[in-house]
Structures are given as C-alpha cells and as structure tokens.
J.: 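Got a structure for you, written out below as structure tokens; questions coming shortly.
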Amino acid sequence: MHLVVPKEILPGENRVPIIPDTVKKLCRLGATVSIESGLGSKSGFTDEEYEQAGAVISSERAQLIQSADMLLRLRKPTLGDVTLMKEGCVHVSYLDPFNEKELVSALMSRGVTAISMEMIPRTTRSQKMDALSSQANLAGYVMVMQAAIHLPRIFPMMMTPAGTLKPANVFVIGAGVAGLQAIATAKRLGAKVTAFDTRAVVAEQVQSLGAKFLEIDLGETGETSDGYAKELSAEQVELQKKAQAEVIAKSDVVITTAQVFGRKPPVLVTKEMIAGMSPGSVIVDMAAETGGNVEGSVPDGVIEISGVTVIGKANLAGSVAKDASQMYSSNLFNLIEDNWSEEKNAFIVDFDDDILPGCVITHGGEVVHDTIKQIWQGDS
Ligand code: NAD
C-alpha cells in the first residue's frame, strides 16, 4: 500500500502529520511511504531524515496525491485535492465533518474513505489514537506559557532579602484534558490554582494536582456516555457566572477551556467580570476560535479589555510543533497499525471494529457515519 504525506498548506500550520521515526515503523509494517519535499522544514525534520527512514521524497504534489492509496495529513483537504484522489483512497485528517458539508460531499462522490481524527471515539482502547487529547494536552501547557509571558508578575512565591512576592492566583475554567494540563503546568511554576468544571467527577482529579476545586451548586449537570459535559441551561450558566465572579476578580490569570461537544462554547467570562480584575491580569481563551468562553476575545488575537490582556491564540499545540507532530504522528501510526492486514499489506476498513465506525465519515461512495447522516437528513 502506498502512503503519501503532502505538505500542510494552511498558513501558520507548522506541525507535520508524520515524523521520520513513524516512517520507519510504517515501512516495517510493509507500506511504501512518499512525502512531499520540505514537509518537516518548519517543525525541525529534514528531507534527509525522512529519506533515511525509508521515505521517497518528491516535489510533485499533484502526482503524489494521485498516486496515494492512503493520504495522511493534519488539516482537511481542499476541494481541489479531492479531485486528484484515486477512487478508494483512504484519507485521514481532521475534517470538521459537522460543518464541512461540501467537502464531505466531494469526498463521498469521489469514492474516498475519509477518516476524521476528531471523531475517534473516546474509549480506553482508542486513547493511543486520540489526537484531540494529545493536542489538547500540549495546548494546556502552551496556554500557561502564554499567560506567563504576558503577566507582569512571576508565578511562584519568592522570599528574598528584597521582600516577599506572593504566588500568582490562577483560575482554570474547564478541567478536561487541556484544563488539567494547564492546572499541572501552573502548579509546577508555583502558582496558587483554583479550577471549576461542570462534571463533578473532575473535582478529585483537580485536587490530586494540588489545586482547589471551586464548589458551585448548579443542580443536575452530569456527562454523556462519551465523558463529555452536557450543555447547561441558561439559568445554570447565570448561576455559574455569579459564583465565579469573585474568584475571577482575585485572579492574576484566568484560563478558559470549557467546551460542549458539537455545540458553541458557553460565554462564561463577561466584560463586566474582566473590568473587575486588576489591570495587567491575563486571560487565555482556548475557545476563542469557535466563539469564545470570554466576551470580546478575538480569534488568534491578543487584545486589551479594561487593562486586562485577553489572549485568543489559535492552534496552540502548533506553537510546540515538534512535540505536537510527534504525538499526532504516533496517533496516526496506532490507528494504521490497529487496522493493518499483514496478509493483504493494506489498511482494512472493517465496520465490525469498535473504533472505525465512529470515525469513518465516507466510504464506497456514501456517507456512512450515523450522526453525520442524521444531521444531513435534518438539513435537507
Ligand atoms: P472538552 O474539550 O469537550 O471540554 C473541556 C472541558 O470543559 C470538559 O472537562 C467539560 O466538562 C468542561 N465544561 C463544559 N462546560 C463547562 C462549563 N460551563 N463550565 C466549566 N467547564 C465546562 O473535553 P475534553 O477535555 O476533550 O474531554 C473531556 C473528558 O472526556 C475527559 O476529561 C475524559 O473524561 C473524557 N476523555 C476520555 C478519553 C478516553 O477515554 N479515550 C479521552 C479524552 C477524554
């Protein structure tokens, strides 16, 4: 089977889907691997390293795509790319299938098997393939680094002959994968950390990292069978905002990571709350790109609201591109290895598998994913 890795073309995307170490492993499985020349130039991997690992290097992007039995990438393909793909080609990437109807339609019509990395089911067995988690983990770390750079204070307590500096107060809203990593990173830097999440099960995880869990009685909240938060009612959101206002006012740093799968993120920090913070404080809004947890935050922007720096940086994991690439590459390899037939020397799409039906969106000229199918039927 011929696996192809084209260069990422989205401006600012420095990560690569496959690193040289993974090329070696794919070749050991029996695959042949071709990469587009310059693939890893922005994340610290050279063409020579890919070549030594066993890949064929080419600058002919269109030819590469046309020749692929399987295409491995991070970002979704363009419609132009889809027209180049072979019928029956397997395409693996982030796909955003809830919002990309035209693209999914094109992949379907072309007879491409499109696998969406963000739809990998979040089960124990699939953790090794879970790119949402691997990238969110790094995003959690990066958010704290961003806050530390912009905050005109240090995070740890410091006792010196020149006086004592108090530790910074950090409040983390949403303690999922990214939030927990942000808590751990801020704790390592010596900050005093408080966190809140609507899933009560998280309290123990927050406390085990040495942070305080803010108790707010919102009534019935809970989580879905996949471990995601359920959406709060408008009244519950108001209760949450009120209960958090005092903690926010006393915080030097607020990090927001609250998401509800398949929905717009809730606005949890208002302009009024921001005005209550000390000037120079910092807010990092991880959800800025998809609507924002913070009123007024700008996607991929750093702005000032009432003297508070509000950071809405996009592609957080991308700013540690080398490590992010290693993790994503490992996620991809685990997915491929799990579905590889040595006998056929190919990636096999088996709908009796416990993971694939959750993330294969199109196959054999049809949309095969139940949820996406239902949404589309509702649309038409
Ligand atoms: P996510 O990105 O969907 O959401 C981030 C966090 O925001 C979640 O913890 C959610 O509870 C929280 N949130 C939602 N609304 C909120 C609100 N109003 N206020 C405060 N917080 C709010 O979630 P995620 O980080 O990708 O994962 C969530 C959970 O899924 C994990 O903690 C875990 O339990 C489960 N998970 C399981 C696996 C696995 O087993 N393979 C992998 C990843 C995650």
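Model, not experiment: these values are computed from the prediction. Only heavy atoms go into these numbers, but all of them, side chains included; no hydrogens, no water, no symmetry mates.
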J.: Does one side chain, of Glu49 or Thr46, offer a donor that lies under 3.5 Å from an acceptor on the other?
T.: yes

J.: Is there a path of hydrophobic side-chain contacts, each under 4.5 Å between heavy atoms of I, L, V, M, F, W or Y residues, that connects Val206 with Val177?
T.: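 They do not share one cluster, since no chain of ILVMFWY contacts under 4.5 Å joins Val206 to Val177.
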
J.: Assign the ring pair Phe196 / Phe213 to parallel, tilted or perpendicular, where the plane angle (0 to 90°) is split at 30° and 60°.
T.: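 The rings of Phe196 and Phe213 sit tilted, inter-plane angle from 30° to 60°.
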
J.: Calculate, to the nearest 0.5 Å, the distance between atoms CZ and CD1 belonging to Arg75 and Ile9 respectively.
T.: 11.0 Å

J.: Applying side-chain contact (heavy atoms from CB on, under 4.5 Å) to Gln244 and Val247, what does each step give before you reach the verdict?
T.: CA-CA 5 Å; Gln244 284 177 174; Val247 183; 5.5 Å; no

J.: For Glu118, look at atom CD and say whether over 12 heavy atoms of other residues, nucleotides or ligands are found less than 6.0 Å away.
T.: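 Yes, enclosed.
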
J.: Tell me the closest heavy-atom pair linking Phe333 and Leu26, and the distance in Å.
T.: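 Closest approach of Phe333 to Leu26: CD1-CD2, 3.7 Å.
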
J.: Using every non-hydrogen atom in the two residues, find where Ser133 and Asp130 come nearest and quote the distance to one decimal.
T.: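 Shortest heavy-atom separation between Ser133 and Asp130 comes out as OG-OD2, 2.7 Å.
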
J.: Mark yes or no: Lys76 above the aromatic ring of Tyr94, with NZ or CZ under 6.0 Å from the six-membered ring centre and no more than 45 degrees from the axis.
T.: no

J.: Name the residue from Val282, Val308, Asp252 that meets the side-chain contact (heavy atoms from CB on, under 4.5 Å) definition with Met277.
T.: Val308

J.: Strictly distance-based, threshold 3.5 Å: is any side-chain N or O of Asn169 a donor or acceptor partner for the main-chain N or O of Val253?
T.: no

J.: Does atom NZ (Lys86) have a neighbourhood of more than 12 heavy atoms from anything else shown, all under 6.0 Å?
T.: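 Yes, because the 6.0 Å sphere around NZ of Lys86 holds more than 12 heavy atoms from other groups.
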
J.: Looking at Asp81 and Arg110, is any side-chain nitrogen of the basic one under 4.0 Å from a carboxylate oxygen of the acidic one?
T.: no

J.: If we ignore hydrogens and angles and just use 3.5 Å, is the side chain of Ser251 paired with the main-chain N or O of Val254 as donor and acceptor?
T.: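 No, because the side chain of Ser251 does not come within donor-acceptor range (under 3.5 Å) of the backbone of Val254.
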
J.: Check whether Ser325 reaches the backbone of Val16 with its side chain - one donor and one acceptor, N or O, closer than 3.5 Å.
T.: yes

J.: Rounded to the nearest 0.5 Å, how far does SG of Cys359 lie from CD1 of Ile120?
T.: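 With rounding to 0.5 Å, CD1 (Ile120) is 4.0 Å from SG (Cys359).
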
J.: In terms of hydrophobic clustering (I, L, V, M, F, W, Y; side-chain heavy atoms under 4.5 Å; direct or indirect links), are Ile115 and Met85 co-clustered?
T.: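 Yes: a chain of side-chain contacts under 4.5 Å links Ile115 to Met85.
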
J.: Which heavy atom in His369 sits nearest to a heavy atom in Val360, and how many Å separate them?
T.: CB-O, 3.5 Å

J.: If you look at every heavy atom in Pro167 and Gly190, which pair is closest and at what distance?
T.: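 Reported closest heavy-atom pair: CB-O, 3.5 Å.
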
J.: By the side-chain hydrogen bond (donor to acceptor under 3.5 Å, both in side chains) test, which pairs, at least two apart or in different chains, include something from residues 265-285?
T.: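 Passing the test, one end in residues 265-285: Thr256-Asp285, Asp285-Ser297.
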
J.: Is there a continuous path of hydrophobic side-chain contacts, each under 4.5 Å between heavy atoms, that joins Val144 to Ile154?
T.: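 Shared cluster, no.
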
J.: Assess whether side-chain contact (heavy atoms from CB on, under 4.5 Å) is satisfied between Lys101 and Val104, documenting all intermediate values.
T.: CA-CA 5 Å; Lys101 193 167 178 178; Val104 172; 6.0 Å; no

J.: Under the criterion side-chain hydrogen bond (donor to acceptor under 3.5 Å, both in side chains), I'd like the reasoning laid out for His2 against Thr32: C-alpha separation, chi angles, the key distance, then a yes or no.
T.: CA-CA 5 Å; His2 184 212; Thr32 57; 4.5 Å; no

J.: Is the side chain of Asn14 donor-acceptor paired with the backbone N or O of Lys42 at a distance under 3.5 Å, no angle test?
T.: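 Not a single qualifying donor-acceptor pair exists.
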
J.: Can Glu36 and Arg61 be counted as an ion pair, charged N to O under 4.0 angstrom?
T.: yes

J.: Closest approach of Leu180 and Ala175, non-hydrogen atoms and distance?
T.: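 Minimum heavy-atom separation between Leu180 and Ala175: CG-O, 3.5 Å.
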
J.: Do Leu132 and Arg122 pass the side-chain contact (heavy atoms from CB on, under 4.5 Å) test, and can you show the C-alpha distance, the side-chain angles, and the key distance before you say yes or no?
T.: CA-CA 9 Å; Leu132 280 188; Arg122 308 193 91 173; 3.8 Å; yes

J.: According to a hydrophobic-cluster definition based on side-chain heavy atoms being under 4.5 Å apart (Ile, Leu, Val, Met, Phe, Trp, Tyr only), do Met327 and Phe45 belong together?
T.: no

J.: Could you give the distance from CD (Gln326) to OG (Ser329), rounded to the nearest 0.5 Å?
T.: 8.0 Å

J.: Find the distance between CG (Leu72) and CD1 (Ile18) and round it off to the nearest 0.5 Å.
T.: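 One gets 5.0 Å once the value is rounded to the nearest 0.5 Å.
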
J.: What distance do Ile57 atom CD1 and Asp47 atom CG have between them, rounded to the nearest 0.5 Å?
T.: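 Taking CD1 in Ile57 and CG in Asp47, the distance rounds to 5.0 Å.
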
J.: Mind listing the closest non-hydrogen atom pair of Pro77 and Leu95 along with its distance?
T.: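 It is CD-CD1, 4.1 Å.
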
J.: Look up atom CD in Glu8 and atom CG in Leu39, then write down how far apart they are to the nearest 0.5 Å.
T.: 7.5 Å

J.: So, the side chain of Gln135 versus the backbone of Ala317: is there a donor-acceptor pair under 3.5 Å, distance only?
T.: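 No; judged by distance alone, with no hydrogens or angles, the pair does not exist.
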
J.: Would you say CD of Glu246 has more than 12 non-hydrogen atoms from neighbouring residues, nucleotides or ligands within 6.0 angstrom?
T.: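 No.
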
J.: Taking Glu215 for its side chain and Asp217 for its backbone only, find out whether a donor-acceptor pair lies under 3.5 Å.
T.: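 Side chain of Glu215 to backbone of Asp217: no pair is present.
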
J.: Is there a donor-acceptor contact under 3.5 Å from the side chain of Asp338 to the main chain of Asn334?
T.: no

J.: For Ile348 and Trp340: C-alpha separation, side-chain torsions, deciding distance, then whether side-chain contact (heavy atoms from CB on, under 4.5 Å) applies.
T.: CA-CA 6 Å; Ile348 303 297; Trp340 191 265; over 6 Å; no

J.: Would you say Val367 ends up clustered with Phe351 if hydrophobic residues are merged whenever their side chains have heavy atoms under 4.5 Å apart, either directly or through other cluster members?
T.: yes

J.: Among Ile305, Asn293, Val310, Ile274, which residue satisfies the side-chain contact (heavy atoms from CB on, under 4.5 Å) criterion with Val269?
T.: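 Exactly one pass, corresponding to Ile274.
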
J.: Are Lys242 and Glu238 ion-paired here, with the side-chain N under 4.0 Å from a carboxylate O?
T.: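 Salt bridge between Lys242 and Glu238, a charged N being under 4.0 Å from a carboxylate O: no.
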
J.: Got more than 12 heavy atoms from elsewhere within 6.0 Å of NZ, Lys192?
T.: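 Check fails, neighbour count at 12 or below.
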
